[in-house]
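One structure below.
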Amino acid sequence: MVNLVLLGAPGAGKGTQAKMLCEEYRIVHISTGDILRENVKKKTQLGYKAKEYMDRGELVPDGVLIGIIRDRLLKSDTGKGFLLDGYPRTVVQAEALQEILSEINKDLDVVIDIEVPDDELIERLAGRRMCRCGASYHMVFNPPKVNGICDICGDKLYHRDDDTQAAVKTRLAAYYKQTHPLIDYYSKKGLVRPVSGSGGIEDIFQQIKTVINMIME
Ligand code: AP5
């Protein structure tokens, strides 16, 4: 069992690796981006509020996210281990996470920092295509078998609203200003393991697995 955080800039491959890792270790995948997008899709009050920030590429206010993550971590399935993808994104969120984990007698085992140069991130987000079923592709690096169609459900693929050039620029700026300081925050706790996120998806997966297996020994 392992409790981990995946850190990384927008487009670093957190979602791609998270799906593979959660299947490998049979742990729960908690993606705050997915939870927010689900709320936008269902047109909930939270979804309306979050969409404004997300479309601009800004972070949704901490108070909203802390509530979401608290509710999710209190569910019993997190007892088998969990992977946080996209949370925390600010030091305030990290401190709140620490409090929630203490309340439920859990701890983080490792924080994997996926590092990718900015020009590669921009290329990845420009070419990313999503399916409503949750699958994610890249037109060049991870293309579907039939152009524009999901391999899994056959639905049409779409470009995420926040993958526009302007929103990506804001997302990267938000990452460096608000999220990057978490590397230092978790390094001081001895939890950070950097992994190069450039290269093949499978190679990166193997590298992350090596890190996790060492931690679990
Ligand atoms: P979120 O959904 O978390 O987006 P993000 O962090 O910007 O990350 P992405 O999903 O864009 O990228 P990823 O790292 O998962 O990369 P992926 O695997 O898809 O958040 C969206 C928004 O929600 C935020 O901007 C904010 O507004 C809000 N939000 C969410 N959490 C929040 C929080 N805690 N606090 C406040 N606000 C919050 O890969 C990208 C592409 O590259 C894909 O096409 C993929 O196929 C391809 N790819 C992956 N790996 C490789 C590789 N090795 N080589 C080549 N291509 C690759």
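As the structure lists them, so they are numbered: ligands from 1, and atoms in each ligand from 1. Since this is a predicted model, take the numbers as computed values, not measurements.
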Exercise. Heavy-atom count around Gln206 CD within 6.0 Å, excluding the residue itself: above 12?
Worked result: yes
Exercise. Crowded around Lys209 NZ? As in, over 12 foreign heavy atoms under 6.0 Å?
Worked result: yes
Exercise. So which of Ile201, Asp85, Val92 gets nearest to atom 50 (N) of ligand 1, if we judge by its closest heavy atom?
Worked result: Ile201
Exercise. Below 3.5 angstrom, do we get any N/O pair linking Ala12 and ligand 1?
Worked result: yes
For this session: Determine, for Lys42 against Glu38, whether the closest basic-nitrogen to carboxylate-oxygen distance falls under 4.0 angstrom.
Result: yes
Exercise. Taking N or O atoms only and a 3.5 Å limit, does Gly15 qualify as a polar contact for ligand 1?
Worked result: yes
Exercise. How long is the span from the CG atom in Leu108 to the CG atom in Leu4, to the nearest 0.5 Å?
Worked result: 8.5 Å
For this session: Could you say whether the N/O atoms of Tyr87 and ligand 1 ever approach to under 3.5 Å?
Result: no
For this session: Flag Gly200 as yes when one of its N or O atoms lies below 3.5 Å from any N or O atom of ligand 1, and as no otherwise.
Result: no
For this session: Answer side chain, backbone, both or neither: which part of Asp162 comes under 4.0 Å from ligand 1, heavy atoms only.
Result: side chain
For this session: Any ring-ring contact (aromatic ring centres under 6.0 Å, His included) involving residues 129-164? Give me the pairs, sequence neighbours left out, ordered by first then second residue.
Result: His138-Phe141
Problem set entry | Heavy-atom nearest option to atom 19 (O) of ligand 1, drawn from Glu202, His138, Lys14, Arg128 | Arg128
Problem set entry | Asp163 contact mode with ligand 1 (heavy-atom cut-off under 4.0 Å) | neither
For this session: To the nearest 0.5 angstrom, please state how far the CE atom of Met20 sits from the CD atom of Glu202.
Result: 4.5 Å
Exercise. Hey, is Lys51 close enough to Asp161 for a salt bridge, meaning N to O under 4.0 Å?
Worked result: yes
Problem set entry | Between CZ on residue Arg171 and CG on residue Leu125, distance to nearest 0.5 Å | 5.0 Å
Exercise. Below 3.5 angstrom, do we get any N/O pair linking Gly86 and ligand 1?
Worked result: yes
Exercise. Should you measure from each heavy atom of Thr32, which atoms of ligand 1 turn up under 4.0 Å away?
Worked result: 30 (C), 31 (N), 32 (C), 34 (N)
Exercise. Is the shortest N/O to N/O distance between Leu59 and ligand 1 below 3.5 Å?
Worked result: no
Problem set entry | Distance-only side-chain donor-acceptor flag, Ser198 / Glu120, under 3.5 Å | yes
Exercise. Ala9 near ligand 1, heavy-atom distance under 4.0 Å?
Worked result: yes
Exercise. Does an N or O from Asp34, backbone or side chain, lie closer than 3.5 Å to an N or O of ligand 1?
Worked result: no
Problem set entry | CD-CG distance between Glu123 and Asp118, expressed to the nearest 0.5 angstrom | 12.5 Å
Problem set entry | Gap separating the CD1 atom of Ile183 from the NZ atom of Lys188, nearest 0.5 angstrom | 12.5 Å
Problem set entry | Summary of ring-ring contact (aromatic ring centres under 6.0 Å, His included) pairs that have at least one residue in residues 178-217, sequence neighbours excluded | Tyr175-His180, Tyr176-His180
Problem set entry | Asp77 with Arg72: basic N within carboxylate O range, under 4.0 Å | yes
For this session: Can you sort out which atoms of ligand 1 are near Asn142, meaning under 4.0 Å from one of its heavy atoms?
Result: 46 (O)
For this session: Among all protein heavy atoms, pick out the one at the shortest distance from atom 39 (O) of ligand 1; state its residue, atom name and that distance to 0.1 Å.
Result: Thr16 OG1, 3.7 Å
For this session: Report the part of Leu36 in contact with ligand 1, treating N, CA, C, O as backbone and CB onward as side chain, heavy atoms under 4.0 Å; options are side chain, backbone, both, neither.
Result: side chain
Problem set entry | Option whose closest heavy atom lies nearest to atom 54 (N) of ligand 1, chosen from Gly13, Gly199, Ala135 | Gly199
For this session: Pick whichever of Arg89, Arg171, Glu120 has a heavy atom sitting closest to atom 33 (C) of ligand 1.
Result: Arg89
Exercise. Which bit of Ala18 is near ligand 1, meaning a heavy atom under 4.0 Å away: side chain, backbone, both or neither?
Worked result: neither
Problem set entry | Enumerated ligand 1 atoms positioned under 4.0 Å from heavy atoms of Glu58 | 26 (C), 27 (O)
Exercise. Can you list the atoms of ligand 1 that are under 4.0 Å from a heavy atom of Phe141?
Worked result: 55 (C), 56 (N)
Exercise. Touching ligand 1 at all, Gly11? Heavy atoms, strictly under 4.0 Å?
Worked result: yes
Seminar exercise, completed: Contact region, Leu125 to ligand 1, non-hydrogen atoms below 4.0 Å, reads side chain
Seminar exercise, completed: Heavy-atom proximity to atom 57 (C) of ligand 1, picking from Arg160, Arg129, Met139, Arg124, points to Arg124
Problem set entry | Any side-chain heavy-atom pair of Gln165 and Val168 under 4.5 Å | no
For this session: Identify, by atom number and element, the atoms of ligand 1 in contact range of Tyr137, meaning under 4.0 Å from any of its heavy atoms.
Result: 43 (C), 44 (O), 46 (O)
For this session: For ligand 1, note which part of Gln17 has a heavy atom under 4.0 Å away: side chain, backbone, both or neither.
Result: neither
Problem set entry | Minimum side-chain heavy-atom gap Ile114-Leu6 below 4.5 Å | yes
